[in-house]
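The basis for the numbers below is simple: all heavy atoms, side chains too, and nothing from hydrogens, waters or symmetry mates.
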Protein chains: 2
Amino acid sequence: MAGKKKSPGVTPPPYHHGDLRQALVQAAVSILEEEGLAALSLRAVARRAGVSHAAPYHHFQDKEALLDAVAAEGFRLQMLDMHNAAQNAAAPINGLQAFGLSYASFARKHPSLFRLMYTHERFTPGTSPELVQWSGAIYPQIIAGVRERTGCSEEEASSIALVLWSTMHGLAMLALDNQLSWPGAKPLDTLAFEVTELLGRVMPERKSPP
Amino acid sequence: MAGKKKSPGVTPPPYHHGDLRQALVQAAVSILEEEGLAALSLRAVARRAGVSHAAPYHHFQDKEALLDAVAAEGFRLQMLDMHNAAQNAAAPINGLQAFGLSYASFARKHPSLFRLMYTHERFTPGTSPELVQWSGAIYPQIIAGVRERTGCSEEEASSIALVLWSTMHGLAMLALDNQLSWPGAKPLDTLAFEVTELLGRVMPERKSPP
DNA sequence: ACCTGAACACCGTTCAAGT
DNA sequence: ACCTGAACACCGTTCAAGT
């Protein structure tokens with residue numbers, strides 16, 4: 001019961017609510033995970049954060065700006081995932097497969113967030129720098145991963161990374177659309193595994209065999 | 001001034017309006033092409049078709065059902081495109097490239113329609129049979145295209161077709177998201193050309209060289 | 001058989017007013 | 001500096017009523 005007065009030496013909470021901006025982003029993410037994209041209205045986000053429906057306008061210019069922040073958070077999460085996959089890439093046969101499986105599993109674990117990240121007609125001039133930065137980090141990360149595992153030049157690695165990214169992205173998108181769900185179809189993980197194996201054949205040799 | 005009375009020998013127009021159902025689908029397509037996905041409301045569609053905002057409910061159960069019909073029309077158009085590309089595949093180096101370029105150019109020519117087709121969380125049980133049929137025709141068409149140009153078994157062709165489809169789909173999606181638009185980036189057509197060329201290396205030999 | 005107009009609950013956005 | 005409540009225009013959906 002020490003009370004909740006501002007304790008000295010701690011930076012005071014920057015807003016009335018605590019940090020409403022961040023709370024709104026988190027509320028939006030929960031709605032996405034629990035109820036899907038269709039349920040993601042500004043008013044629902046405000047409701048879940050426990051503020052009036054007009055409150056978000058003190059932190060975001062409009063709904064699109066909030067969605068931008070949510071998408072940026074999504075890209076941050078995906079970067080974490082990719083990073084972890086690169087670390088734990090002991091089991092898969094090659095690094096491409098580690099990446100492919102991580103991409104597929106992220107899409108499967110966060111389908112609505114994944115859709116929001118890649119699907120709204122965003123990335124116009126005027127998109128928040130935060131989103132531009134986080135979303136722009138994905139491709140370089142893939143390129144770096146490819147270079148680490150091959151003796152590729154920067155240019156060669158860029159081409160391979162683009163094929164790899166496109167393929168996994170398309171596979172994930174089609175799977176989320178249920179386009180790959182005919183009777184007896186293989187699950188996304190299996191497809192990702194097989195497809196990256198096939199792609200491995202166009203890759204140059206590993207830089208240094210173990 | 002022969003009047004517009006029903007002429008004998010011609011099937012009478014099935015609805016008051018002419019064929020309102022089809023008119024609504026066409027109105028929706030125009031809105032998509034001219035104003036984009038965000039402008040596609042049921043009421044706007046009705047407005048453009050010149051009927052009251054409640055009229056669509058006599059032809060579609062709800063908005064989702066109308067969007068399903070629009071998506072089905074999109075898949076029909078894409079099938080036509082793919083078919084034409086297969087016919088005129090004289091210039092490109094191989095059949096994969098003909099397909100890849102057609103996929104990319106369709107996405108570029110109809111960005112909002114393409115997004116609607118592949119991006120809404122549709123294809124649940126209860127999706128209209130019309131949409132299931134048209135959307136389900138794409139993958140077999142790609143498989144057939146691959147088989148025609150190679151001596152592949154059905155199973156082998158399915159794998160190659162899946163990689164091809166995923167890759168082109170991902171490339172198109174990422175391009176529409178402006179994810180492939182860094183300064184000095186190549187246009188989508190060029191990327192599609194290069195990527196399919198790279199994929200060609202994993203393809204078996206052509207069945208019969210010219 | 002097909003269409004309309006009024007009605008309802010919801011949404012995005014604005015703005016004067018509150019602390 | 002931050003938040004609220006009322007207001008406005010818009011949307012999806014329903015339904016009695018019109019032809």
>> Within the structure provided, determine whether A:L162 and B:L171 are in side-chain contact (heavy-atom separation under 4.5 Å).
In response: yes
> Whole-Å distance between C:dC11 C1' and A:L66 CG?
Replying inline: 14 Å
> Is the shortest distance from a Lys or Arg side-chain nitrogen in A:E156 or A:R147 to a carboxylate oxygen in the other one below 4.0 Å?
Replying inline: no
> Do the charged groups of B:E33 and B:R48 touch, with an N to O distance under 4.0 Å?
Replying inline: no
>> Checking side-chain polar atoms at under 3.5 Å, does A:T167 have a donor or acceptor matched by the opposite partner on B:S166?
In response: no
> Under a 3.5 Å cut-off for both distances, is C:dC3 Watson-Crick or wobble paired, and to whom?
Replying inline: none
>> Does D:dC3 have OP1 or OP2 under 4.0 Å away from a side-chain N or O of A:H59?
In response: yes
>> Rounding to an integer number of Å, can you tell me how far A:L40 CG sits from C:dC11 P?
In response: 11 Å
> With a 4.0 Å cut-off on heavy atoms, is B:S41 in touch with a base, just the backbone sugar-phosphate, or nothing at all?
Replying inline: sugar-phosphate
> Counting side-chain heavy atoms from CB outward, which of C:dA6, D:dG12, D:dA7 is closest to B:K63?
Replying inline: D:dG12
>> What is the separation between atom CZ on A:R21 and atom P on D:dC2, rounded to the nearest whole Å?
In response: 12 Å
>> Counting only side-chain heavy atoms from C-beta out, which of C:dG5, D:dG12, D:dT4 sits nearest to B:A54?
In response: C:dG5
>> Distance check needed: C:dG12 C1' versus A:Q61 CD, whole Å only.
In response: 13 Å
> Can you tell me the Watson-Crick or wobble partner of C:dG12, both distances under 3.5 angstrom?
Replying inline: D:dC8
> Expressed in angstrom and rounded to an integer, what is the separation of B:L42 atom CG from D:dT14 atom C1'?
Replying inline: 13 Å
>> Please name the nucleotide paired to C:dA17 by Watson-Crick or G-U wobble geometry with both distances under 3.5 Å, or report none.
In response: none
> Does B:R47 put a side-chain nitrogen or oxygen below 4.0 Å from OP1 or OP2 of D:dC11?
Replying inline: yes
> Which nucleotide sits closest to the side chain of B:S52: C:dT4, D:dT4, D:dC11?
Replying inline: C:dT4
> Taking atom P of C:dT14 as reference, at what distance in whole Å does atom CZ of A:F60 sit?
Replying inline: 16 Å
> Starting at CG of A:D19 and ending at C1' of D:dC2, how long is that distance when rounded to a whole Å?
Replying inline: 13 Å
> Roughly, in whole Å, what's the span from OH in A:Y57 to C1' in D:dG5?
Replying inline: 15 Å
>> Could you check whether the side chain of A:H58 and the base of D:dC2 have a donor-acceptor pair of N or O atoms closer than 3.5 Å, going by distance alone?
In response: no
> Choosing from C:dT13, D:dT4, D:dT13, which nucleotide comes nearest the side chain of B:R43?
Replying inline: D:dT13
> Do B:F99 and B:W165 have ring centres separated by under 6.0 Å?
Replying inline: no
> Taking the side chain of B:L20 as its heavy atoms from C-beta onward, which of C:dT13, C:dC3, D:dT14 lies nearest to it?
Replying inline: C:dC3
